[in-house]
Amino acid sequence: MDFAAFSRRARDLATSLLREEQITVVGHYDADGLASTAILVKALQRSGVDVDFLNTRQIDSDHINELNSLQNPIVFVDMGSGQIDLLESEIKQRFFIVDHHPPQRNSKNQINPFHYGIDGTRELSATGTAYFVAKAMDQGNQDLSPVGIVGAVGDMQDLHGGLKGANRTIIKDGEDLKLIHAHKNLTLFGRHSRPLPKMLEYCSEPMLPGLTGNYMACVAFIEQLGIELKDPVGGEVRYYVDLSLEERQRLTTALYMLLLDHNAPELVTGMLIGEVYEFPKEKPRTELRDAKEFATVLNACGRHEEGEIGVNICMGDRGSSWSKAKRLLEKHRRELREGLEWVKTNGIKEMEHIYYFDASGVIRDTLVGVIAGMAYGSMVAKSEKPIIGLSLADDGSMKISARGNYDLVRSGLRLGEALRDVCGRLGGEGGGHDVAAGARIDPSKKKEFLRLMDIAVSRQLNR
Ligand SMILES: [Mn+2]
């Protein structure tokens with residue numbers, strides 16, 4: 001990796017951007033996209049550039065017309081590297097790209113870690129890339145390091161034993177400023193924002209045998225350990241972060257034993273503990289205290305087309321934007337619950353090697369993947385087959401979200417590959433991770449898709 005050359009490009013780009021009087025930042029609508037948008041907007045504002053922003057799922061011809069009518073120079077973040085040719089032929093004004101997706105090719109006015117031997121899928125996100133551009137504008141922008149980590153975690157760059165590569169530099173910056181506390185801990189989601197039994201009930205990575213999806217069993221499990229559910233003095237419901245060190249150890253050990261009793265492979269027990277990123281300056285018992293939960297807030301904003309709220313939170317608004325986000329989170333969780341309930345009652349269809357459900361017109365396409373994952377968590381679907389959720393998108397295409405688990409991946413499941421092959425053959429497109437992937441096809445191809453996907457999965461699993 002050539003970090004020095006990467007830093008030079010960051011400096012050059014920072015200089016070019018600061019020469020502009022007005023800029024429009026155009027970012028992707030997921031956690032990494034919103035966080036990277038926020039970093040650039042904040043850094044440019046601080047340097048006196050007149051900046052506005054928008055977040056979108058993809059750049060289509062409508063956007064291009066809209067952008068061309070603005071006439072502002074544009075910075076694309078978390079998008080653009082894969083579409084340089086299109087952008088160069090369609091966008092009339094000057095534009096810049098800050099991205100970490102595999103690039104079509106190198107170009108002037110673009111920064112992408114891949115060009116410097118830095119793996120953009122694991123070592124640096126778009127937010128991280130934007131962070132280094134911001135830091136090159138002004139060292140004072142190092143206070144944006146927590147946001148840099150939220151973007152990386154939002155893009156799941158911490159999946160393989162914690163953040164690596166150039167991401168570590170951002171952590172170091174944040175630690176020096178006492179804004180980031182990276183440490184080993186129980187990795188379960190909700191340590192900061194969910195009552196203890198809820199944290200266990202909703203845990204799907206890893207699946208906790210007998211606990212995931214069973215609230216009463218979780219309550220009994222915690223009580224058996226002699227851990228109080230409520231504070232004996234104040235009576236408040238306790239969260240993981242409220243436990244004493246000794247209680248935390250007791251709980252962690254018990255969860256380990258539970259997994260071992262069920263012959264969980266090392267890969268799965270290993271998921272219980274990992275590096276987590278805490279933000280000590282944020283209010284305790286809120287999602288914003290933890291990088292992973294912060295990223296979920298941003299995803300909820302993006303999925304409900306309220307990207308602006310997420311960007312404002314990343315830029316530091318803990319007032320009205322945070323209030324709106326909390327309401328949005330409630331709505332988001334309600335829709336998830338209702339969606340899961342719908343899947344439960346309407347039944348998952350079972351094929352030889354896959355489960356699927358078609359929630360077209362019922363569950364919004366941006367939530368169908370999360371709900372497919374939750375179907376495992378709540379044991380609606382058994383874990384020996386991957387599950388595929390279908391839904392209709394606004395543009396009339398069929399959105400496909402596939403979810404597996406790590407046992408299946410160990411047996412050979414490669415969902416991203418399967419979707420890319422199958423949907424490619426059907427004139428659609430797909431891809432993603434081994435354990436979670438997505439695709440789009442024409443709805444008329446649904447039957448054929450399911451048939452081919454069933455075959456593809458059976459081949460991967462040698463069944
Ligand atoms: Mn990204």
Side-chain angles (χ1 to χ4, degrees), residues 6 10 13 25-43 53-59 63 74-84 87 95-104 110-116 118-134 144-160 162-171 277 291-303 305 307 310-311 313-314 366 369-370 401 416 420 429-439:
F6 172 79
L13 197 74
V25 177
V26 179
H28 195 213
Y29 83 121
D30 68 357
D32 188 30
L34 299 181
S36 53
T37 301
I39 286 192
L40 283 180
V41 171
K42 187 89 184 176
F53 64 91
L54 68 97
N55 292 93
T56 172
R57 254 184 242 188
Q58 60 198 36
I59 310 165
H63 287 118
I74 299 166
V75 191
F76 293 101
V77 277
D78 200 24
M79 49 173 36
S81 277
Q83 294 169 282
I84 295 183
L87 297 177
F95 69 86
F96 306 87
I97 294 172
V98 177
D99 197 2
H100 71 131
H101 291 100
Q104 258 180 344
Q110 176 186 203
I111 184 166
N112 189 312
F114 275 110
H115 288 129
Y116 306 93
I118 301 167
D119 181 351
T121 50
R122 293 192 175 186
E123 297 175 328
L124 199 64
S125 63
T127 313
T129 311
Y131 172 79
F132 285 110
V133 174
L144 300 172
S145 49
V147 182
I149 294 310
V150 170
V153 170
D155 260 8
M156 300 199 280
Q157 299 200 333
D158 62 332
L159 269 193
H160 307 273
L163 292 172
K164 292 192 176 61
N167 279 320
R168 300 296 325 171
T169 307
I170 309 175
I171 295 173
Y277 310 96
K292 200 158 149 190
E293 300 187 29
F294 197 138
T296 306
V297 173
L298 298 186
N299 276 320
C301 292
R303 286 170 203 274
E305 270 142 44
V311 173
I313 290 173
C314 288
T366 48
V370 190
S401 294
R420 192 166 53 243
E429 51 183 41
H433 303 275
D434 294 342
V435 72

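Numbering of ligands and ligand atoms starts at 1, following listing order.
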Peer 1: Arg57: what forms a salt bridge (charged side-chain N to carboxylate O under 4.0 Å, His left out) with it, not counting sequence neighbours?
Peer 2: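 For Arg57, the residues satisfying salt bridge (charged side-chain N to carboxylate O under 4.0 Å, His left out) (neighbours in sequence not counted) are Glu305, Asp365.
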
Peer 1: Anything protein N, O or S sitting under 2.8 Å from the Mn ion (ligand 1): count it and give me the total.
Peer 2: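 For the Mn ion (ligand 1), the figure is 4.
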
Peer 1: Are any side-chain N or O atoms of Asp32 and backbone N or O atoms of Ala126, one a donor and one an acceptor, separated by less than 3.5 Å?
Peer 2: yes

Peer 1: Can you list everything that forms a salt bridge (charged side-chain N to carboxylate O under 4.0 Å, His left out) with Glu429? Sequence neighbours excluded, please.
Peer 2: none

Peer 1: Excluding sequence neighbours, so at least two apart, what forms side chain to side chain contact (heavy atoms under 4.5 Å, CB included) with Ser145?
Peer 2: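 By the side chain to side chain contact (heavy atoms under 4.5 Å, CB included) rule, Ser145 matches Tyr131, Ile170, Asp173, Leu179, Ile180.
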
Peer 1: How long is the span from the OG1 atom in Thr366 to the OH atom in Tyr29, to the nearest 0.5 Å?
Peer 2: 5.5 Å

Peer 1: What heavy-atom pair brings Gly154 and Ala31 nearest, and what distance separates the two atoms?
Peer 2: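 Scanning both residues, the minimum pair turns out to be CA-CB, 4.1 Å.
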
